[in-house]
Amino acid sequence: MPNDDNSRDYRPTVFLPKTAFPMKAGLPQKEPGIQARWEEIGLYEKLREARAGREKFILHDGPPYANGDMHIGHALNHVLKDTVVRTQSLLGKDAPYVPGWDCHGLPIEWKIEELYRKKKKNKNDVPPKEFRAECRDYAQKWVDVQRDQLKRLGINGRWDKPYLTMRPEAEGAIVAELHKFAETGQLYRGAKPVMWSPVEETALADAEVEYADLTDSPQIDVAFEIVESPIEELVGAHAVIWTTTPWTIPVNQALAYGPDVEYSTFEIKTDEIDDKPHLEKWRGKLLFMADKLIPSFLLRIGCEYDNSSVKHYTVCGGDQLAGTIVRHPMHHLGGFYAKPRPMLAGDFVTTDSGTGIVHMSPDHGEDDFDLCKANGIDPVFAVMGDGRYRDDWLWLGADDKDADGKERRRSVINKPFNSPEGPICSDLREAGALLSASADYAHSYPHSWRSKAKVVYRCTPQWFIAIDERLEHIDGAPTLRARAMEEIEATRFIPEKGRNRLRSMVEGRPDWLISRQRAWGVPIALFVHRESGELLVDPEVNARIQAAITADTVDAWDKSRAAEFLGADRNPDDYEMVSDILDVWFDSGSTHAFVLETDEWPELQSPADLYLEGSDQHRGWFQSSLLESCGTRGRAPYKDVLTHGFTMDSKGMKMSKSLGNTVNPLKVMEQYGADIIRLWALSVDFTEDHRIGDEILKGVGDTYRKLRNTFRYLLGALDGFVGDLGDDAEIPELEVYILSELAELDRKLRQAVDDYDFNTYTRLLVDFCNEDLSAFFFDIRKDCLYCDDENDPKRRAYRTVLDILFHALIRYTAPVLVYTSEEVWRARYPEDNEQQGSVHLLEWPSIPQVGSDTARWTALRELRETVMEAIEPLRREKTIRSGLEADVIVPADKVPAGFTDADLAELFIAASVTRGQGDDVKVTRTSDHKCGRCWRLLPEVTADGDLCGRCAEVVTAYDAAEEAAA
RNA sequence: GGGCCGGUAGCUCAGUUGGUUAGAGCGCACCCCUGAUAAGGGUGAGGUCGCAAGUUCAAAUCUUGCUCGGCCCA
């Protein structure tokens, strides 16, 4: 009709997308409200109800340490866990998530002691019970803090009842696990050199030790006179040892040589000695050491760095030295020092440094201990827990005096004690045994990671779990190590390389040292018979202990209750109560027992389907859990093990506070929102080390906006959409194709979920939105959506497919953008009924199965790209402005079968498409005019601004409706 | 120092058993649209596949060495 009115504004007659869903997210402001609502409606519990009776999927949470704020590693780890749980739940499984915390242990204990020190209070003046109560409060405080932070991250779990290793039920159960080892003969008390911190007065786990580079360590060369040897010429010569720990000389018990090393005796030349008074003692004396190391030794004693300073004599191989005996430089003191020191063959002796002869003290080195033990030499326990020698030790080094002249002995690790002027060196010098002493050696040395103080190896009685004993109590199981190895083979590792890593660690590990001389932890609740030294193994006693601890926490393990535990038949005076506590790795290694198997969390079961932690846990939780479970149950506590790498800064460097390159997830949430962190975590290849930084987060933000706007478009385009097509309606081929693409996406996403491959998952999702929807489907159907009659079958079909897409995509997206997906869902379904209360209650969509000739469409899309490329030059030269102004001629043989010219014009968003000869696409400006409403250029439009046939009809109907309404 | 792992466009990632000119998305540049508008569309530029040798007709892919980074251990 109004062909004469080409100035009319047709905008009101166009059906534009309409939605209140904002383009700008404002996540930091919006997310907490969404979180609050989840809590209000009890989302986690609702989900449990909805999935009750379904196949279970158990992700068992590895307990983070309850100390300090959430950091980026926690954030990544928990996002991954949450995504696993959510995707499994989406698949319809019952996937409960019970988070947990590791609460015992040295770091918390240390914090409390630090507070004491500030208040000038001494830990030893505080009753242990009180001290533990403070540790408990401290741990609880951080559990609460981290819980809130993890909730804020959008982690869905049983926050009202997490598991804590310090819950009395857990403490009782951990003791019960320990008793299982005791009752099956896998536990023993041994003496072994362990890393020991004289400052904290405790043995340290490997993880509690850090290495620092020193440049001022002492190094001394000490001579041991050879008194017996199968090689006669050696008798009377002095074997030279080199050590960086002078304080171990008073505890020396043997020397070690390398069986494959070449040794020789030599004499320092007279003219060298003439101008070096400190060598006077060695005039005419024979020294003995590895031939190769003589030059570096000469340098240490001030001679030339070559062999011109010495006269060589006997040369022999280490393998000839068996039976050689030396005496201690302090042999004149008698007693311990008068005993002969044998020279023993040690494979560990190298010629990298030193003299090729190593002084052995079984108390203070692992190699030393093993070699001496093999030769019947026992440790002597001369160094006490505080690092001082025993008062009754025969040689303490000269008395150490304070400035006021008061005598006192200090810890053997203190610097003056080991210095060239210190008591040890002075006495050795006086005894004529010191060849060199300086304090300039550079090496890396272990320190306590808490106190930063030097640590030593020290032999102490410790409790161990035997790794290579037969497991009699488990059918068909060989040793614990062998069973663990078998279970590693039976486990699925993602990525696969994790298997290797765990395997090599279990393969090479020593017995499990489980004792700690501390206060904050689960006691090694055992009795040892005072006379026989035997471990009391009585299930009834053990049961009483377990019950008491479950009722009264670890405080129950108290001397005052010994009689109660031992029962009427035994005299408490006959038994020693072990006062050590358990390695915290035993606590966490037992979580499968007291979390998965207990009826406190009936929703859980064992073994878990998945353990998911950082790759550092190969040494830690993956291993401790495996050993604990294999030793007590004969099987691994998990079916799958997934490991992630570490988060580096934007340059791939490790984050550290001192470098100032840390990224705080709490700040990122404040600035960008939790959904952005989540999308980041799921966009990177988390199986390797990966990066985070401003540029990366900006990119994640772009990706986020693409997803958000896709949903915004869907919401707008689906405004007012209620039903779907009638039965007889024909779905256009484009829609069928998109549905088949959706089905393909669906298939790939399911695979990605099975593989825990979330990086692929999010990429597939984003690429689909970008390529298949935004740049293709939505763009092509823009005209249809805006301009076709509202009831036009094509438009209805389009919107029907949009609805299907919406329901599929919102479900795919829900595990990733947990907040935004909820916001989208609520924008479409604001009603608060059961089904629509939360997007997170929904299940994986079922995609209509349609038949589409995908290959044909792939060819079509390739042709489409060629057409776009061909149009571009005309746009460059401003012949045309958009593809709608282009008449396109495509090579006839390049057009896939079944498409009409009109189809092609629509799909290519061109004015017209016709077929021609040749290989090239030809483009010219159309001579048609532009419809005033739909802006298409069509032959039927006689003048710019007039309406095309379709639009004329729609406008007529629109006007009629308006009139009727008015 | 030892064991294990990794290094592909500015960013995040693909790259099958060695086989055409190494791909994608984003970002960037330029352009269009102004009826998804702090949105949407198009085109384009970007890579000595960490470096160096070697094997091969052919190497991002296999071997060795080096280098940078990471985890674990000492």
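Since we're looking at a predicted model, the values are computed, not measured. Residue numbers begin at 1 in each chain, while the letters A, B, ... track the order of the sequences.
- Pairing partner, rA9(B): none, since no Watson-Crick or wobble contact has both distances short of 3.5 Å.
- Taking atom CZ of Phe622(A) as the reference point, atom C1' of rC72(B) lies 13 Å away to the nearest angstrom.
- For Asp9(A), the CG atom sits in a packed shell: over 12 heavy atoms of surrounding residues, nucleotides or ligands are nearer than 6.0 Å.
- With Asn77(A) contributing its side chain and Leu612(A) its backbone, the two residues share a donor-acceptor pair below 3.5 Å.
- Within 4.0 Å of Ser650(A), counting heavy atoms only, lies no atom of the nucleic acid at all.
- Using a 4.0 Å heavy-atom cutoff across all strands shown, Arg712(A) reaches sugar-phosphate atoms only and no base atom.
- Across all strands shown, Arg864(A) has no heavy atoms under 4.0 Å from either base or sugar-phosphate atoms.
- Applying the 90° cutoff around 0 to the glycosidic angle, rG46(B) is assigned syn.
- Across the protein-nucleic acid pair, Trp680(A) atom CH2 and rG25(B) atom P stand 25 Å apart, rounded to whole Å.
- Among the heavy atoms of the strands, none lies under 4.0 Å from Gly716(A).
- Arg501(A) contributes a side-chain N or O that forms a donor-acceptor pair with the base of rC71(B) under 3.5 Å.
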Taking N or O atoms only and anything under 3.5 Å, show me the protein contacts with nucleotides 44-48 of chain B, one pair per line.
none

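- If you check rC31(B), rA39(B), rC13(B) against the side chain of Asn709(A), the one that comes closest is rA39(B).
- For Glu507(A) and rG3(B), the CD to C1' distance is 12 Å, given to the nearest whole Å.
- Scanning all heavy atoms of the two residues, the minimum distance from Phe493(A) to Ile488(A) falls at CE1-O, 3.4 Å.
- Between Phe711(A) and Phe806(A), the ring-plane angle classifies as perpendicular under the 30° and 60° cut-offs.
- Between rG35(B), rG41(B), rG27(B), one nucleotide has an atom nearer to the side chain of Tyr786(A) than all others, and that is rG35(B).
- The CD atom of Glu872(A) sits 17 Å away from the P atom of rA29(B) (whole-angstrom rounding).
- Mapping Lys654(A) and Asp702(A) onto RNA chain B via the closest heavy atom, the residue that lands nearer the 5' end is Asp702(A).
- Heavy-atom nearest nucleotides on RNA chain B were determined for Asp767(A) and for Val14(A), and the one closer to the 5' end corresponds to Asp767(A).
- Phe778(A) comes within contact range of at least one nucleobase, with a heavy-atom separation under 4.0 Å.
- Of all nucleotides listed (rA36(B), rG41(B), rG35(B)), rG41(B) comes nearest to the side chain of Ala775(A).
- Contacts of Lys706(A) with the nucleic acid, taken as non-hydrogen atoms under 4.0 Å apart, involve only primed sugar atoms and P, OP1 or OP2.
- Backbone-only contact: Phe646(A) has heavy atoms under 4.0 Å from sugar-phosphate atoms and none from a base.
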